[in-house]
There are 2 protein chains.
Amino acid sequence: MVNKAEYDAFLARCPSRQLLDRIADKWVTLALAALRSDCAGEPRPMRYSELARTLAGVSQKMLTQTLRALERDGLVTRTVVPTVPVTVTYELTALGLSLHDTVRGLKAWAETHMDDVLTNRASYDTVRSGAGDPPRS
Amino acid sequence: MVNKAEYDAFLARCPSRQLLDRIADKWVTLALAALRSDCAGEPRPMRYSELARTLAGVSQKMLTQTLRALERDGLVTRTVVPTVPVTVTYELTALGLSLHDTVRGLKAWAETHMDDVLTNRASYDTVRSGAGDPPRS
DNA sequence: TGCGTTACGAACTTTAAGGTGCCTACTTCC
DNA sequence: GGAAGTAGGCACCTTAAAGTTCGTAACGCA
């Protein structure tokens, strides 16, 4: 693999790759969806603990890490409110909102085509393990 | 994390998540793009070795693994041609083509917005490490 | 008679991501 | 005075993914 380094550099700089690496993150799209308040009305700021409850199953570490990354990229804003015990709210930016809208294109594809994919997958698996042809001529 | 298992199960069954897991794979989108012959005209069947050359930097293992996954999902077809040393060609299916078109939506977003993201990222990093405010109030 | 080609399979090693648990500072409430 | 809640930081551990290496079968060729 002679040019692996160059190739990695190429991959690392490719905008599409960077985007994929960001949104493929396990919690990123869920956080976007939560902040978007997908299931109920308007986007609104949410508190850290509220997000933690909404994304059931996320660890504190991963939630913090995810939110930091999103803030760093300008996809959400982080606001510290100096209340009694300090509270922090997160809110989607315009950029984050537009990203989430784009991701919904993927969601649409998934919802209309993933059944086909799963069917293909199942039939592939049965043909492979069933008494079809001995592995491969 | 009481309901972690249930949550994982939920995630595992979510069509959007499954799709993301598939296309976020390092080589999947590149393979789709290659088979689509993105840079030059019409989609056409390609040989294994041709793909290996096009996706410079891919290991044989990962290429095989990627193509198998795509075949399993019905996104590409695999055709064995019994020539002297056996050759194998891969071609996008209609499903694979439609997926790639969807992914190009992401590409479009990335190309128009990733610069903003990178700018945000850079300024975030300088504010954090520079002599701005001591870490956080 | 080896050597090279094609398209892999299997085993082994390395590396990165994700998860868990323990810690903090501040204040208020019991 | 001690517990509880808020929003994390830090360090360790475990597992899953990616990469590397070696081997294979069939054949053509020098």
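Letters A, B, ... are given to chains in the order of the sequence lines, protein chains preceding strands, and every chain is numbered from 1.
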Report yes if some heavy atom in the side chain of B:Thr102 is under 4.5 Å from a heavy atom in the side chain of B:Ile23; otherwise report no. no

For atom CG of B:Leu51 and atom P of C:dT6, their distance in whole Å: 14 Å

Using whole Å, what does the distance between atom C1' of nucleotide C:dA16 and atom CE of A:Met62 come to? 12 Å

Among the nucleotides D:dA18, C:dG9, D:dG9, which one has an atom lying closest to any side-chain atom of B:Asp25? D:dA18

If you compare all heavy atoms of A:Leu51 against all heavy atoms of A:Ala34, which two are closest, and at what distance to 0.1 Å? CD2-CB, 3.9 Å

Taking OP1 and OP2 of D:dT6, is either one under 4.0 Å from a side-chain nitrogen or oxygen of A:Thr83? no

Taking only side-chain nitrogens and oxygens of B:Ser49, does any of them come within less than 4.0 Å of OP1 or OP2 of C:dT5? no

5' precedence on DNA chain D between A:Val86 and A:Lys61 (nearest-nucleotide basis): A:Val86

When the distance from CG of B:Leu67 to C1' of C:dT6 is rounded to whole Å, what number comes out? 14 Å

Taking side-chain contact (heavy atoms from CB on, under 4.5 Å) as the criterion, tell me which of A:Leu75, A:Asp73, A:Leu70 meets it with A:Leu95. A:Leu75

So does A:Arg78 get a side-chain nitrogen or oxygen closer than 4.0 Å to the phosphate oxygens (OP1/OP2) of D:dA7? no

Look at B:Arg47 and C:dA7 and indicate whether a side-chain polar atom (N or O) is within less than 4.0 Å of OP1 or OP2. yes

So which nucleotide from C:dG9, C:dG18, D:dA7 ends up closest to the side chain of A:Thr87? D:dA7

Between C:dT6 (C1') and B:Arg53 (CZ): distance, integer Å: 11 Å

Between CD of B:Gln60 and C1' of D:dG19 the distance, given in whole Å, is 12 Å

Is the phosphate of D:dA17, meaning OP1 or OP2, less than 4.0 Å from a side-chain N or O of B:Trp27? no

Candidate pair B:Glu71 and B:Arg68, rule salt bridge (charged side-chain N to carboxylate O under 4.0 Å, His left out), full reasoning: CA-CA 5 Å; B:Glu71 185 198 3; B:Arg68 276 295 131 76; 3.7 Å; yes

What is the distance from OH of B:Tyr90 to P of C:dT6, rounded to the nearest Å? 14 Å

Let me know the distance between NZ of A:Lys26 and P of D:dA17, rounded to the nearest Å. 11 Å

Rounded to whole Å, please give me the gap between CE in B:Met46 and P in C:dT6. 15 Å

With DNA chain C as reference, determine whether A:Ala24 or B:Tyr48 sits nearer its 5' end, using the nearest nucleotide of each. B:Tyr48

Does B:Thr29 form a side chain to side chain contact (heavy atoms under 4.5 Å, CB included) with A:Arg17? I'd like the steps, not just the answer. CA-CA 9 Å; B:Thr29 50; A:Arg17 187 71 250 165; 3.7 Å; yes

The side chain of B:Gln65 is closest to which nucleotide in this list: D:dA18, C:dG9, C:dG19? D:dA18

Between D:dT20, D:dA7, C:dG9, which nucleotide has the shortest distance from any of its atoms to the side chain of B:Ser59? D:dT20

